[in-house]
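This report refers to the structure that appears directly beneath it.
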Amino acid sequence: MDYNFNEVESKWRKEWANNKTYKTSNESDKPKCYVLDMFPYPSGAGLHVGHPLGYIASDIYARFKKLNGFNVLHPMGYDAFGLPAEQYAIQTGQHPKVTTDANLTRYRDQLDKIGFSFDWDREIKTCEPEYYKWTQWIFGQLFKSWYNNQSQKAESIENLTLIFENEGNATVDAACEETPVFTAAEWSKKNEKEQSDILLNYRLAYLSDSMVNWCPALGTVLANDEVINGLSERGGHPVERKLMLQWSLRISAYAERLLQGLENIDWTDSLKEMQRNWIGKSTGASLTFKVNNSNLDLEVFTTRPDTVYGVSFMVIAPEHEYVGQLTSADKKDDVEAYVTTSKNKTERERMADVKNVTGVFTGSYAVHPFTGKEIPVWIGDYVLAGYGTGAVMAVAAHDSRDYAFAKKFDLPILPVIEGGNIEEEAFEAKTGKMINSDFLDGLKVKQAMKTAIWKIETEGLGKGKTNYRLRDAVFGRQRYWGEPIPMYFDKGIPKLVEESEYPLTLPEVDEYLPTEAGDPPLGRAKDWKPENGDNYELSTMPGWAGSSWYYLRYMDPNNDGTFASREATDYWNQVDLYIGGTEHATGHLLYSRFWCKVLFDLGHIGFEEPFKKLINQGMILGTSALAYRVAGYGQEVNKDSFSGDIFISKNLIPAVKKHFVDPQNCTSEERAIYRNVQEQIESIEKQENLVPGSTSINPVSPIHVDVSIVTNNELNIEKFKAWRPEFSNAQFVLENGKYICGEEVEKMSKRWFNVVNPDDIVKEHGADVLRLYEMFLGPLEQAKPWSTKGIDGVSRFIRKFWNLFHDAEGVFSVSGDQPSKEELKVLHTLIKKAQEDIENFSFNTSVSAFMVCVNELQKLKCNKKAVLKELAITLSPYAPFIAEELWSKLGESGSITAATFPAFNPSYLVESVHKYPVSFNGKMRFMLELPLDLDKAEIETQVLAHENSQKWLNGNAPKKVIVVPKKIVNIVV
RNA sequence: GCUCGAGUGGCGGAAUUGGUAGACGCGCUGGAUUCAAAAUCCAGUUCUUGCGGGAGUGCGGGUUCGAUUCCCGCCUCGAGUACCA
């Protein structure tokens with residue numbers, strides 16, 4: 001009897017659940033191993049075959065580690081707050097929790113089918129109050145902290161208040177907004193509101209008027225990583241800049257540590273590079289320019305202090321705070337018009353306009369700090385308000401953007417470095433000697449940078465400075481379906497909700513829309529008022545809040561007294577292996593590192609990097625199927641008789657197309673194909689009573705066909721007609737009796753009809769086959785198209801493996817005989833390979849190794865328990881169901897998951913002979929088996945004496961013979 | 001534009017330190033079995049050829065007895081980023 005995967009898999013699914021086979025304890029003598037997947041957002045579409053790829057890889061790793069004596073934590077949960085459920089709620093009025101729960105159930109059902117070793121007792125959902133209670137608590141920790149640049153860590157805000165009370169803020173070196181200096185006496189005179197406002201400048205979670213990404217379509221602000229090319233990540237809606245009172249997190253305080261921390265973690269270089277670019281560290285100097293006839297100072301940041309003598313004008317951003325004061329009366333209209341236009345541009349418009357240089361002169365002049373010359377101050381939107389000081393010193397000769405601006409507005413271009421041609425373009429290289437630069441003349445660029453900074457500092461004009469591109473993260477969302485920010489307002493003063501009142505639960509509302517007054521949806525909640533204050537904060541937290549610390553909650557998921565006990569976090573410590581997609585590079589992965597460092601600084605956990613090793617699984621792409629419809633057919637001529645379309649099979653098309661365009665140059669083969677197609681079409685015309693020759697057979701318009709009705713590129717015509725009724729009368733021009741579809745690799749998406757669901761694969765082939773096949777597709781990190789083409793090979797492998805344990809009649813039959821030398825060699829070759837491959841995350845090659853092993857054992861007709869038992873254990877991380885079933889059939893007690901991974905014994909692989917490939921001039925010519933104990937000279941003699949050598953030498957003496965023992969022999973003629 | 005990654009049969013891919021290029025699987029071809037089919041098994045399958053060979057890992061060079069692997073210069077594709085001063 002054949003292997004019945006349905007029966008076996010459903011049996012063990014139940015057994016494992018009933019026995020809690022995958023329960024993990026926090027107490028164990030074994031070494032720990034924490035294997036984590038990026039938890040999913042449960043979308044309405046369910047899982048497609050791309051989603052479980054990483055989960056399968058991590059599951060194999062987790063099971064392997066368990067077999068190797070580790071106490072393994074391998075949990076799963078859901079990132080359950082999010083925009084799609086809320087958008088759906090707005091449309092249908094259904095509570096987002098209802099849709100989310102329905103999606104969760106479906107996800108769980110799909111995940112359960114695949115046989116993961118998740119400890120479901122640790123499942124978490126970020127939308128549950130028991131969970132977000134602690135997300136709110138962490139927000140509270142951020143609110144109650146400030147970042148001390150001196151100690152390079154977060155500290156309690158109470159300490160800061162104490163410093164203010166005793167010595168004012170002059171001695172404080174903090175990551176903060178610009179705050180006027182005050183003394184202790186001045187501090188104590190300030191009222192509660194004033195003190196609160198000042199403290200907000202220092203807190204890690206703070207409320208401030210800041211430029212935010214406002215997305216009108218979604219009715220909320222977005223963080224920088226949620227805006228892609230000026231459009232919202234979710235939904236692709238336009239985003240504009242807007243000044244708003246917003247909660248933000250001071251991640252910028254951690255820029256340097258987030259950068260340095262990358263050195264100590266085992267992530268891919270590309271991912272680290274993305275984070276480095278996102279943090280965007282640059283070093284240079286800040287420099288102050290005095291404005292003529294004014295007491296204003298313009299501060300700029302530059303990475304090229306060496307080029308200071310090349311400054312010929314200045315440019316400030318349209319949003320710069322001095323715009324008004326710098327504008328002279330006669331320029332007022334121009335400037336106002338320009339500033340208004342710039343402000344009304346969306347991010348996207350501004351980006352699309354990069355090549356179009358715009359700007360306006362303010363009418364004011366600044367004074368060059370070294371030459372004393374007057375230089376004009378312009379406004380230009382190529383200068384970003386959010387970076388540096390929002391103002392630049394323009395060095396047209398050595399910066400391409402300044403160069404373009406100078407060319408457009410006919411401003412002077414002053415070269416200060418030798419080389420380059422300023423008639424043509426800016427010379428941006430950081431090499432060459434300084435000229436026209438007074439005290440810098442003759443220096444090389446690198447030296448000039450240092451000298452210029454030294455001079456700037458000694459003259460008191462500015463100082464050396466490091467800048468980061470990383471901006472603070474906007475934390476409030478004007479949406480319903482998220483964690484309420486646990487703050488309330490008391491006479492305009494923001495106050496933290498008492499910890500004893502957490503969770504501050506999400507109130508019910510009548511509609512998931514903003515109020516008429518423009519407040520967020522929470523403004524609709526009735527009787528939702530704090531006891532001691534006026535009103536609660538109406539924003540909720542962004543989607544990434546819950547995911548920034550969930551890895552900690554898995555360690556101690558049911559703790560009601562703290563986010564996770566210190567014992568639990570000390571025991572499980574960092575995540576040993578984290579698998580997930582690259583799309584979270586600058587969002588989730590950066591925020592998680594940030595929160596981890598804050599919790600570490602405040603002494604709540606004992607490590608400051610959450611994910612020790614991280615692997616990115618490549619995206620699984622879809623393979624779309626295409627059918628080719630001809631451009632025109634007889635329909636117009638004789639409408640009544642034929643209302644269908646004609647489709648031409650894929651491999652006929654090139655010849656038909658060529659014949660259509662260039663019949664003269666067709667080969668006889670191409671003509672034959674063309675004639676064949678023509679004949680088939682003529683017969684269709686005849687059959688359908690069309691005017692003969694009325695069909696144009698120039699094929700065009702490929703149509704996407706549902707991949708489920710295509711097998712090995714062959715279209716199931718009946719199913720196709722049923723699927724698309726408008727083609728129910730279609731006719732098909734076939735090749736070899738089949739309609740062959742074309743292929744296209746595209747993202748897996750409903751609109752291309754190329755989505756493949758794991759449930760269907762499990763139903764048809766079993767979960768073990770799905771798991772093996774997903775791994776067999778190719779390297780984990782690489783993006784690859786899904787195609788079901790090769791899955792039969794894996795199915796066959798599973799059956800062959802099963803058959804090793806069964807006789808020809810399908811009766812279970814294993815022998816207790818001692819394994820032969822050869823059988824042991826086959827087994828231990830596999831054990832070695834499987835072990836190495838898992839440790840290198842090369843799962844595709846280990847599946848090959850399993851196939852080789854089973855093929856060989858089949859040839860050897862091996863049914864010896866001693867071999868098969870170890871083989872079953874080795875395979876069990878990949879194919880847990882069949883392995884568990886055979887384990888119990890072998891009469892072993894307990895679950896195979898509690899077995900021990902077979903120890904590799906190298907003595908079984910020791911050989912006494914080696915088959916040498918013998919090459920002449922590097923080309924392999926023949927193989928020669930020789931004993932391993934021969935020395936180089938003996939090998940050479942034996943090889944040269946061989947008759948094949950004589951043939952290849954052709955009477956000539958070899959020039960040189962290279963012998964690499966146990967490898968190759970190469971003879972140079 | 002910049003940064004990172006990748007290019008190997010009809011297809012997915014292998015070759016872990018410079019040492020037999022194409023493992024394993026799909027597909028295809030032929031055969032066995034079968035009344036027939038499915039399933040299974042066996043053999044073949046990089047291209048080319050005059051059947052001796054010859055060519056071959058994106059392209060052009062180089063180092064080496066020997067290069068998919070190392071070096072130099074290009075090309076193509078993918079991902080990220082985009083006025084960051």
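Each chain gets a letter, A, B and so on, in the order its sequence line appears, and its residues count up from 1. Since we're looking at a predicted model, the values are computed, not measured.
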- Item | Euclidean distance, atom CE of residue A:M927 to atom P of B:A21 [Å, nearest integer] | 10 Å

- Message: Could you work out, with ring pair (Phe, Tyr, Trp, His ring centres under 6.0 Å) as the rule, every residue matching A:F289, not counting sequence neighbours?
- Response: none

- Query: Could you give the CD-to-C1' distance, from A:Q617 to B:A79, as a whole number of Å?
  - Reply: 14 Å

- Query: How close or far is atom P of B:G13 from atom CG of A:D837, stated in whole angstroms?
  - Reply: 17 Å

- Query: Would you call A:K966-A:E911 a salt bridge at under 4.0 Å N-O?
  - Reply: no

- In B/S/- notation (B base, S sugar-phosphate only, - none; protein heavy atoms under 4.0 Å), nucleotides 63-70 of chain B written 5' to 3' is --BS----

- Message: So for A:K800 and B:U40, does any side-chain atom that can act as donor or acceptor lie under 3.5 Å from a complementary atom in the base?
- Response: no

- So, is A:R799 close to the B:U40 phosphate, meaning a side-chain N or O under 4.0 Å from OP1 or OP2? yes

- Task: Would you confirm whether the ring centroid of A:Y773 sits within less than 6.0 angstrom of the ring centroid of A:W786?
- Result: yes

- Query: Once you round it to whole Å, what is the distance between P of B:G80 and CD of A:E273?
  - Reply: 15 Å

- Is any side-chain nitrogen or oxygen of A:S400 closer than 4.0 Å to OP1 or OP2 of B:C83? no

- Nearest-Å distance for atom pair OH/C1', residues A:Y403 and B:A85: 18 Å

- What are the residues of residues 844-852 of chain A, sorted by number, that bring a heavy atom to within less than 4.0 Å of RNA chain B? A:N844, A:T845, A:S848, A:M851, A:V852

- Message: Rounded to whole Å, how long is the line connecting atom CD of A:E781 with atom C1' of B:G12?
- Response: 16 Å

- Name the nucleic acid region contacted by A:T268, choosing base, sugar-phosphate or nothing; use a 4.0 angstrom heavy-atom cut-off, strictly under. nothing

- Is the phosphate of B:C4, meaning OP1 or OP2, less than 4.0 Å from a side-chain N or O of A:R276? no

- NA contact type, A:L777, heavy-atom cut-off 4.0 Å: base, sugar-phosphate, or nothing? sugar-phosphate

- Quick one: are the ring centres of A:F850 and A:F801 less than 6.0 Å apart? no

- Starting at CG of A:L621 and ending at C1' of B:C77, how long is that distance when rounded to a whole Å? 13 Å

- Task: Hey, could you give me each pair passing salt bridge (charged side-chain N to carboxylate O under 4.0 Å, His left out) that has a residue in residues 772-787 of chain A? Not counting sequence neighbours.
- Result: none

- d(A:C853 SG, A:L875 CG) to nearest 0.5 Å is 9.5 Å

- For the residue pair A:H806 and A:Y3, is the inter-centroid distance of their aromatic rings smaller than 6.0 Å? no

- Query: Considering only side-chain heavy atoms of A:R469, which listed nucleotide, B:G80, B:G12, B:U81, is closest?
  - Reply: B:U81

- Item | Where at least one partner belongs to residues 300-312 of chain A, residue pairs that pass salt bridge (charged side-chain N to carboxylate O under 4.0 Å, His left out), sequence neighbours excluded | A:R304-A:D306

- Query: When all nucleic acid strands are considered with a 4.0 Å heavy-atom cut-off, which category describes A:K784: base, sugar-phosphate, or nothing?
  - Reply: sugar-phosphate

- Task: Name the residue closer to the 5' end of RNA chain B, choosing between A:Y468 and A:N840 according to the nucleotide with the nearest heavy atom.
- Result: A:N840

- Is B:G9 in the syn range, within 90° of 0, or in the anti range? syn

- Where at least one partner belongs to residues 838-863 of chain A, residue pairs that pass salt bridge (charged side-chain N to carboxylate O under 4.0 Å, His left out), sequence neighbours excluded: none

- Atom-to-atom span, CH2 of A:W786 to C1' of B:C26 - whole angstrom: 13 Å

- Syn or anti for B:G30, taking syn as within 90° of 0? anti

- Does A:Q275 place a side-chain N or O at less than 4.0 Å from the phosphate oxygens OP1/OP2 of B:G80? no

- Task: Identify whether any heavy atom of A:P779 sits under 4.0 Å from a base atom; if not, whether one sits that close to sugar-phosphate; answer base, sugar-phosphate or nothing.
- Result: sugar-phosphate

